[in-house]
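Remarks on the structure that follows.
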Amino acid sequence: MPNAEKGNVVMRFAPNPNGPPTLGSMRGIVVNSEYARMYDGKFILRFDDTDPRTKRPLLEAYDWYLEDCKWLDANPDTVVYASKRMDMYYGYARKLIEMGYAYVCKCTREEFKAYRDSGIPCPHRDGNKEKSMEDWERMLGGFYREGEAVLRIKTDMSHKDPAVRDWVAFRIIFSDHPLVGDRYVVYPTLDFESAIEDHVLGVTHILRGKDLADSEKRQRYVYRYFGWEYPVVKLWGRIKIHEFGKLSTSDIGKKIERGVYSGWDDPALPTVMAFRRRGFEPEALKKFFLSLGVGENDVSVSLKNLYAENRKIIDGKAGRYFFIWNPVKIVIEGLKEVEIVKLPLHPSTDMGTRKLRGESVVYITSDDYETFIGKEVRLKGFCNIRLEESGRAVYAGNQVEAKRGRNIIHWLPESQTMQCTVFTPEGVIDGLVEENVKDAVNRVVQFERYAFCRIEEIDDAVRAVYTHP
RNA sequence: GCUCCGGUGGUGUAGCCCGGCCAAUCAUACGGGACUCUCGAUCCCGUGACCCGGGUUCAAAUCCCGGCCGGAGCACCA
């Protein structure tokens with residue numbers, strides 16, 4: 001990073017808490033905090049919550065961000081709530097008005113758009129400062145209705161990029177704010193609020209999405225007027241995950257209300273909550289985002305990369321259990337005695353063993369039954385059987401000769417099963433699981449030949465959440 | 001339309017600023033083999049990329065110009 005001195009770096013992540021943190025937020029948290037850490041710097045979490053109407057903050061979401069930061073090992077050194085610092089913004093606004101760099105504009109949106117598009121100053125632009133100050137105080141006092149007046153920053157009405165021409169710094173919104181109630185009617189826009197805060201907080205480097213590229217051009221005017229130095233900015237492109245469609249936070253909210261998703265932590269959603277619920281390791285998420293780098297080109301990446309990262313961490317410590325989806329009951333004929341089968345909890349890590357009864361009535365998945373019917377298979381750790389028609393099977397010895405191959409399948413004794421529901425991104429899968437998983441509540445296990453899953457809850461039945469293959 | 005910004009194997013990334021050590025890094029994916037009482041893991045081996053066209057230069061993925069393709073912004077949203 002340019003101009004980064006060890007110990008003197010201040011970075012921030014500045015979300016609007018209008019919903020739960022998503023993968024996109026995670027990128028912001030991870031990348032900013034990691035760079036700050038790399039330079040022994042400071043990491044600030046700032047809530048840019050200055051629009052109580054269009055992007056209305058969600059009260060619970062403030063804490064969600066705090067929790068998710070903590071979980072991602074990105075605990076902020078400082079937490080700032082923009083909506084609680086309104087008076088400070090007002091102060092800077094007054095200074096700008098006094099200096100003649102900001103003015104109250106009473107054009108309608110449409111009127112101003114016309115001026116902006118043609119590059120002509122609007123009639124309010126060159127009014128005297130005293131009048132603007134008076135109008136400003138009236139705005140604050142509730143004299144104007146919404147839309148009747150805004151405070152604009154003077155830039156350059158002939159700037160080649162129309163987006164930077166005299167942009168709005170404050171507007172009137174008669175709507176109570178989840179955090180500060182109805183104390184204010186004049187709210188700063190992101191561009192203004194963020195410009196002031198970055199300076200006040202001493203932010204040295206900004207890493208953000210390129211959708212905010214124009215912000216810099218706008219904000220630089222304010223910095224120039226105050227004689228401040230603008231932080232170093234690095235932008236990243238849009239991120240698209242193959243497995244998730246385009247989902248805006250508000251879309252997701254609606255779908256949750258309609259019952260399409262069970263909640264913000266539905267495994268099908270790209271929220272941090274969902275990934276936590278699925279049992280992902282924060283370290284894997286971090287590596288995943290860091291591997292994307294901070295290039296300005298848009299990335300379109302598969303979750304498989306994340307799965308690979310996560311697998312590296314959990315494979316060595318996830319206990320192995322049998323989960324039978326689409327169970328089929330098999331009666332084994334000619335089985336001599338009931339024996340206790342000991343299976344290792346992990347094939348290479350020493351985690352002890354689990355026990356299953358070697359009974360003559362077992363369950364296997366119908367997938368296996370259908371592909372191996374008429375053939376000999378080995379019930380892993382137990383014995384060999386030949387699968388026959390209509391759920392029968394014949395005992396075929398104990399020799400582990402079937403080693404070399406694919407015909408080793410998992411199974412469960414009838415007397416030791418529990419109902420199990422797995423919540424996957426594609427929907428719910430029901431099946432049977434060995435009762436030994438009761439030792440693994442709230443841990444990630446591997447259901448052999450299926451996938452890694454987190455055991456969420458066990459009462460009469462088992463609830464598991466799909467992690468990844 | 002206007003203003004910006006990008007374009008390295010299937011995907012992501014390093015290298016580009018300060019041209020040569022790049023017949024291009026790493027990861028993932030994919031193919032093959034070994035091992036394994038999981039379709040997981042591990043170990044080998046392999047496939048596979050500098051958008052196109054000009055220019056500058058002894059030398060270009062790296063610099064310049066044009067084209068094509070992609071993205072973002074053009075809100076009293078963040």
Side-chain angles (χ1 to χ4, degrees), chain A residues 2 14-18 47-51 53-57 82 105 107-109 112-113 116-117 146-152 159-165 167-173 186-191 193-194 208-218 235 237-240 242 249-250 287-288 290-309 311-312 314-316 318 320-322 343-344 346-349 367-368 378-384 399-410 446-452 468-469:
Chain A
N16 176 16
N18 62 337
F47 292 108
D48 284 350
D49 56 348
T50 57
D51 183 355
R53 164 87 36 85
T54 318
K55 291 271 171 88
R56 183 165 232 278
C105 168
C107 295
T108 64
R109 272 170 219 251
F112 190 83
K113 186 171 167 26
R116 184 186 57 213
D117 290 348
E146 283 188 26
E148 283 182 349
V150 295
L151 187 76
R152 287 186 186 281
H159 190 107
K160 62 182 176 176
D161 184 350
V164 325
R165 295 175 191 164
W167 49 276
V168 173
F170 287 87
R171 75 292 209 208
I172 299 165
I173 302 175
V186 174
Y187 288 88
T189 56
L190 170 79
D191 281 325
E193 175 267 321
S194 171
R208 63 181 164 200
K210 69 180 180 185
D211 47 318
L212 262 21
D214 285 343
S215 267
E216 178 176 348
K217 285 189 274 181
R218 287 192 280 251
L235 304 172
R238 269 189 119 50
I239 176 171
K240 198 167 78 192
H242 297 330
T249 303
S250 48
K287 285 194 172 144
F288 174 70
L290 261 13
S291 80
L292 298 182
V294 283
E296 248 182 85
N297 37 3
D298 300 333
V299 301
S300 177
V301 67
S302 166
L303 240 26
K304 284 181 181 171
N305 293 283
L306 172 61
Y307 294 166
E309 263 343 310
R311 202 177 289 125
K312 281 178 201 160
I314 63 173
D315 184 70
R320 266 58 173 173
Y321 296 95
F322 290 158
L343 287 150
H346 192 281
S348 51
T349 307
D367 291 358
D368 284 334
R378 174 159 184 85
L379 302 181
K380 189 176 175 187
F382 179 20
C383 66
N384 305 326
Q399 268 56 39
V400 188
E401 62 207 8
K403 239 179 132 155
R404 287 234 141 230
R406 334 325 31 201
N407 51 347
I408 295 168
I409 65 172
H410 63 297
Q446 188 196 58
F447 286 159
E448 284 194 34
R449 304 207 304 142
Y450 180 66
F452 289 96
H468 58 71

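The chains referred to below are lettered A, B, ... by the order of the sequence lines, with proteins before strands, and numbering in each begins at 1.
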Measure CZ/A:Arg53 against P/B:A75 and give the value in whole Å, please. 19 Å
Report the distance from atom CG of A:Asp315 to atom P of B:U36, rounded to the nearest whole Å. 17 Å
Just checking A:Asp368: base, sugar-phosphate only, or nothing, at a heavy-atom cut-off of under 4.0 Å? base
Proximal nucleotide (of B:A78, B:A75, B:C39) relative to the A:Arg449 side chain: B:C39
Under 4.0 Å between any heavy atoms, over every strand shown, what does A:Thr189 touch: base, sugar-phosphate, or nothing? Just pick one. sugar-phosphate
As a test of understanding, state which of A:His410, A:Lys380, A:Arg320 forms a side chain to side chain donor-acceptor pair (under 3.5 Å) with A:Glu448. A:Lys380
Is the shortest side-chain heavy-atom distance between A:Leu212 and A:Arg218 below 4.5 Å? no
Applying a 4.0 Å non-hydrogen cut-off, can you work out what A:Gln446 is touching in the nucleic acid: base, sugar-phosphate, or nothing? base
Does B:A75 have OP1 or OP2 under 4.0 Å away from a side-chain N or O of A:Arg171? no
Quote, to the nearest angstrom, the C1' distance that separates B:G1 from B:G15. 37 Å
What is the distance, rounded to the nearest whole Å, between atom NZ of A:Lys113 and atom C1' of B:A75? 10 Å
Counting side-chain heavy atoms from CB outward, which of B:G40, B:U13, B:A78 is closest to A:Asn297? B:U13
Regarding the side chain of A:Leu190, the nearest nucleotide among B:A41, B:U28, B:A78 is B:A78
Does A:Cys383 reach a base, just sugar-phosphate, or nothing at all? Heavy atoms under 4.0 Å. nothing
Give the nucleotide from the list B:C5, B:U11, B:G40 with an atom nearest to the side chain of A:Val301. B:U11
Euclidean distance for C1', B:G67 against B:C74 (whole angstrom): 25 Å
Examine the side chains of A:Arg378 and A:Asn384 and answer whether a donor and an acceptor come within less than 3.5 Å of each other. yes
Looking at every strand, decide which applies to A:Val168 at a 4.0 Å heavy-atom threshold: base, sugar-phosphate, or nothing. sugar-phosphate
Would you measure the distance from the C1' atom in B:C44 across to the matching atom in B:C35 and give it in whole Å? 11 Å
Could you work out the separation of B:C68 and B:C30 based on their C1' atoms and round it to a whole Å? 30 Å
Regarding A:Asp211, tell me which of base, sugar-phosphate or nothing describes its non-hydrogen contacts under 4.0 Å with the strands shown. base
Could you tell me whether the phosphate oxygens of B:A41, OP1 or OP2, come under 4.0 Å of any side-chain nitrogen or oxygen in A:Arg311? yes
I'd like to know if the side chain of A:Asn305 reaches the main chain of A:Ser302, judged simply by a donor and an acceptor atom lying under 3.5 Å from each other, with no hydrogens or angles considered. yes
Within this structure, what is the CZ-to-C1' distance between A:Phe447 and B:G40, rounded to whole angstrom? 14 Å
Taking only nitrogen or oxygen atoms into account, show me every contact under 3.5 Å that the protein makes with nucleotides 1-4 of chain B, one pair per line with its distance.
| residue | atom | partner | partner atom | Å |
| --- | --- | --- | --- | --- |
| B:C4 | OP1 | A:Lys160 | NZ | 2.8 |

Could you run through RNA chain B and flag its stems, i.e. three or more consecutive Watson-Crick or G-U pairs with both distances under 3.5 Å? B:1-7 with B:68-74, B:10-12 with B:26-28, B:29-34 with B:42-47, B:51-55 with B:63-67
Can you label the angle between the A:Tyr307 ring and the A:His468 ring as parallel, tilted or perpendicular, going by 30° and 60°? parallel
Closest to the side chain of A:Leu292, out of B:C39, B:G12, B:A27, is B:G12
Touch check for A:Thr50, heavy atoms < 4.0 angstrom, all strands: base, sugar-phosphate only, or nothing? sugar-phosphate
Expressed as a whole number of Å, how far does the C1' atom of B:A61 sit from that of B:A23? 13 Å
Side chains of A:Thr189 and A:Trp167: closer than 4.5 Å at any heavy-atom pair? yes
Any N/O pairs under 3.5 Å between the protein and nucleotides 63-70 of chain B? List them or say none.
none

Judged by nearest nucleotide, the residue sitting upstream toward the 5' end of RNA chain B, A:Glu146 or A:Ala308, is A:Ala308
Establish, with yes or no, whether the OP1 or OP2 oxygen of B:A78 is under 4.0 angstrom from a side-chain nitrogen or oxygen of A:Arg208. no
Checking all strands, does A:Pro347 fall into the base, sugar-phosphate, or nothing category for heavy-atom contacts under 4.0 angstrom? base
Integer angstrom distance from the C1' of B:U47 to that of B:C58: 35 Å
Considering only the C1' atoms, how many Å lie between B:C45 and B:G54, rounded to the nearest integer? 42 Å
Spacing between A:Lys312 atom NZ and B:U28 atom P, to the nearest angstrom: 4 Å
Side chain A:Arg171, main chain A:Tyr187, donor-acceptor under 3.5 Å: yes
Return the nearest nucleotide to the side chain of A:Leu212; candidates are B:A78, B:U38, B:A72. B:A78
Among the nucleotides B:U38, B:A78, B:U28, which one has an atom lying closest to any side-chain atom of A:Asn305? B:U28
Can a donor-acceptor pair be found, under 3.5 Å and without considering hydrogens, that links the side chain of A:Asp298 to the backbone of A:Arg238? yes
According to a strict under-4.0 Å criterion, is A:Ser291 in side-chain N/O contact with OP1 or OP2 of B:U28? no
Closer than 3.5 angstrom, by distance alone: can the side chain of A:Ser194 be matched with the main-chain N or O of A:Asp191 as a donor-acceptor pair? no
Nearest-Å distance once atom P is located in both B:G10 and B:A24: 16 Å
Under 4.0 Å, counting only non-hydrogen atoms across every strand here, what does A:Ser300 touch: a base, just sugar-phosphate, or nothing? sugar-phosphate
Nucleotide nearest A:Arg116 (side chain, heavy atoms from C-beta), chosen from B:C37, B:A75, B:C77: B:A75
Looking only at B:C5, B:C76, B:A78, the nucleotide nearest the A:Lys55 side chain is B:A78
Residue A:Lys304, side-chain heavy atoms: nucleotide from B:U28, B:A41, B:C74 that is nearest: B:U28
Are any of A:Arg238's side-chain N or O atoms less than 4.0 Å away from OP1 or OP2 of B:A72? yes
Base, sugar-phosphate or nothing for A:Gly147? Non-hydrogen atoms, less than 4.0 Å. base
Answer yes or no: is there a donor N or O on one side and an acceptor on the other, between the side chain of A:Lys240 and the main chain of A:Val301, under 3.5 Å? no
Using atom CD1 of A:Ile408 as one end and atom P of B:C35 as the other, report the distance to the nearest whole Å. 14 Å
